[in-house]
Amino acid sequence: MSNPNQPGLNLAPQEISSGHEGGLVDQVKAYFSRIKNGDMGALPATGALLVLTALFAYLSPYFLTKLNFANLFVQAAQLTTLAIALVFVLLIAEIDLSAGVAAAVAMDVFYLTTTFGVPWPIGLVSALMVGVILGLILGFFVAKVGVPSFVISLAFFLGLQGVALILLGDGGLFRVEVPEVRAIMNDNLPLWGGWLLLFVVVAISAGLGFYDRYRRSASGLVNRPVSLLLIKLAFITVVGGVVIYVLNLNRSASDVIQISGVPIVIPIVLFIIFAGTFLLDRTKFGRHLYAVGGNPEAARRAGIKVVRIRITAFVITSSLAVVAGLFHVSRIGVVEAASGRTIVLSGVAAAVVGGVSLFGGRGRLVHAALGALVISIIDNGLGLLGFSAGISFVVTGTVLALAATVDAVSRRRGGSVRRI
Amino acid sequence: MATPVIELTDVKKGFGPVEVLKGVNLEVHAGKVTALVGDNGAGKSTLIKGLSGVQPYDSGTVLFEGKEVDIHDPIQAAELGIEVVYQDLALCENLDIVQNMFLGREELMQRTLDEPSMELQATQALQSLSVRTVKSVRQKVSSLSGGQRQTVAIARSVLRNAKLVILDEPTAALGVAQTEQVLNLVQRLASSGVAVLIISHNLADVFKVCDEIAVLYLGRMVTQIKTSETSQNDVVGYITGTKSTEE
């Protein structure tokens with residue numbers, strides 16, 4: 001078929017690789033070369049996490065206490081969920097400034113329905129429906145009409161604050177009397193529940209990992225060294241094991257009551273990360289979402305229904321934002337007309353700090369979760385050290401600026417490779 | 001001669017009062033590289049858009065492998081086996097080569113992406129074209145050079161079992177070495193039995209790889225002639241309208 005006498009060809013026999021070849025050392029080398037080429041992934045956020053943990057542990061005797069350790073996870077849960085929610089619109093290079101207030105309005109609906117005697121599961125479904133509908137409308141304006149998402153979601157941001165005021169009336173806090181909702185952030189799994197959770201996480205990771213290897217070798221493709229997968233699983237087991245061991249210790253300050261166990265919110269957040277990552281990495285929808293974010297015109301020419309993908313992204317964002325709102329209400333126990341206004345910007349910051357690109361097409365849910373942890377640790381650590389909220393904002397802003405700069409510089413370096 | 005893969009007869013297309021294609025005939029044969037040349041505004045793009053189903057022709061007959069077809073949308077063109085590789089390539093830089101080659105036609109297994117199968121087929125498609133410039137099929141497109149991107153775009157048409165591949169200015173943005181690679185690739189593509197139609201402004205390239213040259217001048221096909229039976233000077237004459245076959 002091919003003519004070996006054609007000029008200008010490198011005739012040295014060369015197999016086309018898949019990046020799965022070689023032993024552990026080659027894989028590690030490949031990882032570093034990816035970083036060099038601007039594909040930093042989760043590295044900056046992980047680094048920041050370690051540095052901040054070490055710093056605060058050194059500066060404050062309270063930071064590494066059992067109680068604060070558990071608090072940190074609970075505090076981070078809401079921001080993590082919101083950051084994950086925002087990834088879906090950020091991936092298509094859009095933004096949803098209204099996610100926070102949309103969640104607040106949805107939780108107002110939850111408060112109103114449950115207060116008037118509707119069972120809480122139905123109230124929760126109504127709240128989620130509010131998120132879905134708001135996402136549909138927003139997505140319609142952006143994807144179908146072509147209004148820039150920044151402007152239309154800003155309009156929603158303003159309008160929905162009004163809706164919250166109308167729904168709840170002026171001022172005041174309204175108690176949510178649903179023990180099941182309060183439990184999410186305030187109650188813990190039984191001790192065996194934590195270990196079961198770890199087992200499930202490791203089992204799913206191992207199952208997927210070995211299934212992928214099996215499928216590749218069944219197709220006659222090369223696999224990465226199995227040691228790489230085993231190291232990953234060992235890492236998850238050890239880190240998860242330490243976290244659960246600590247959370248299962250009694251962290252109560254008083255001798256009378258005992259507080260121990262994994263906060264209920266943690267398995268919920270883990271489930272969202274797992275399910276969302278599965279959707280993004282392993283389904284057609286996920287692939288198309290990345291494609292639309294990378295090059296909408298190419299996606300359209302490939303026959304992808306770009307409008308539908310975009311609207312779906314907005315729906316997922318605002319529905320997941322409602323879950324973040326649920327966590328918020330669970331923690332503080334009340335709804336108020338003014339809630340949800342500022343948190344969306346922290347959510348965007350968390351995603352960007354974690355390595356999600358604002359220009360679309362690049363980022364993973366785990367990155368957003370790491371970014372949210374970084375921001376939560378800054379908040380928590382500076383609070384413990386007695387710094388004012390002012391300082392905390394300044395530091396968070398600096399970290400965000402740093403992250404955005406790293407993103408821009410690494411992207412430029414990635415681009416220079418292309419010009420060779 | 002064998003039945004052409006595509007045969008256009010008296011194809012016309014106008015936009016309002018402007019008639020862009022004034023009755024064009026064209027034949028493209030399997031295993032042959034046919035060049036479509038002509039000055040700006042001659043109607044090359046309009047002719048291609050008709051074949052790809054983006055802008056259907058107003059009148060005239062289109063025979064695909066001898067059977068009359070009416071191509072009215074891109075999906076139908078793709079089903080027939082007509083693939084267009086556009087100048088701006090239509091690749092997603094944030095996705096890798098396999099993901100780009102299967103974009104919009106992902107293979108599924110139990111409703112999830114069947115990555116091993118796609119990776120295998122993408123590798124085979126590149127190997128069938130004896131591609132040696134691409135190191136890994138899991139490289140992101142953002143890390144590829146212009147020539148490598150063109151390679152991926154062309155290999156994508158192989159993967160889709162295209163019978164007619166239309167290349168829009170495939171070497172316009174490439175350096176000398178990369179142009180060479182892409183032209184070799186085009187020849188290999190044709191020798192695998194695919195009909196190739198290349199739009200190009202570069203006559204040196206055209207004479208290097210094309211078996212036939214079709215020249216459009218102001219909406220009319222001036223000539224479709226074997227490369228071996230003409231010269232660059234003649235073709236320039238056809239393109240600029242100073243020479244015609246009726247002389």
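Naming: A, B, ... by sequence-line order, numbering from 1 per chain.
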* **Leading residue by heavy atom contact count with chain A [cutoff under 4.5 Å; candidates B:R156, B:E106, B:Q139]** => B:E106
* Which region of B:L103, side chain (C-beta onward) or backbone (N, CA, C, O), has a non-hydrogen atom less than 4.5 Å from a non-hydrogen atom of chain A, or is it both or neither? -> both
* To do: Could you walk me through whether B:E115 and A:R216 pass side chain to side chain contact (heavy atoms under 4.5 Å, CB included), step by step?
  => CA-CA 8 Å; B:E115 297 287 355; A:R216 280 186 72 85; 6.0 Å; no
* Would you mind checking which part of B:Q110 comes under 4.5 Å of any heavy atom in chain A, side chain (CB onward), backbone (N, CA, C, O), both or neither? => side chain
* Smallest separation among heavy atoms of B:C92 and A:A291, with atom names -> SG-O, 3.5 Å
* Asked: What do the steps show when you test B:R111 against A:K284 for side chain to side chain contact (heavy atoms under 4.5 Å, CB included), and what is the final call?
  -> CA-CA 8 Å; B:R111 295 203 201 158; A:K284 231 174 175 170; over 6 Å; no
* Could you tell me which portion of B:Q148 (side chain, backbone, both or neither) has an atom closer than 4.5 angstrom to a non-hydrogen atom of chain A? => neither
* Asked: Can you say whether A:F285 sits under 4.5 Å from chain B via the side chain, the backbone, both, or neither, judging by heavy atoms?
  -> neither
* Donor-acceptor under 3.5 Å (B:N94 side chain, A:G361 main chain) -> yes
* Structure fact -> Scored by heavy-atom pairs under 4.5 Å with chain B, the best of A:S18, A:G360, A:G19, A:A299 is A:S18
* Structure fact -> Taking every heavy atom of B:L120 against every heavy atom of A:L221, the minimum-distance pair comes out as CD1-CD2, 3.6 Å
* Asked: Between B:L108, B:V84, B:V137, B:T123, which shows the greatest number of heavy-atom pairs under 4.5 Å with chain A?
  -> B:V137
* Asked: For the side chain of A:S17 and the backbone of B:K135, is there at least one donor-acceptor N/O pair under 3.5 Å apart?
  -> yes
* Structure fact -> Of all heavy-atom pairs linking A:R301 and B:A90, the shortest is NH1-CB, 3.8 Å
* Asked: When rounded to the nearest 0.5 angstrom, what is the spacing between OG1 in B:T112 and CG in A:L279?
  -> 12.0 Å
* Asked: About how many Å separate CD of A:E21 and CZ of B:R138, when rounded to the nearest 0.5 Å?
  -> 11.5 Å
* Structure fact -> Scored by heavy-atom pairs under 4.5 Å with chain B, the best of A:E297, A:R300, A:R287, A:H288 is A:R287
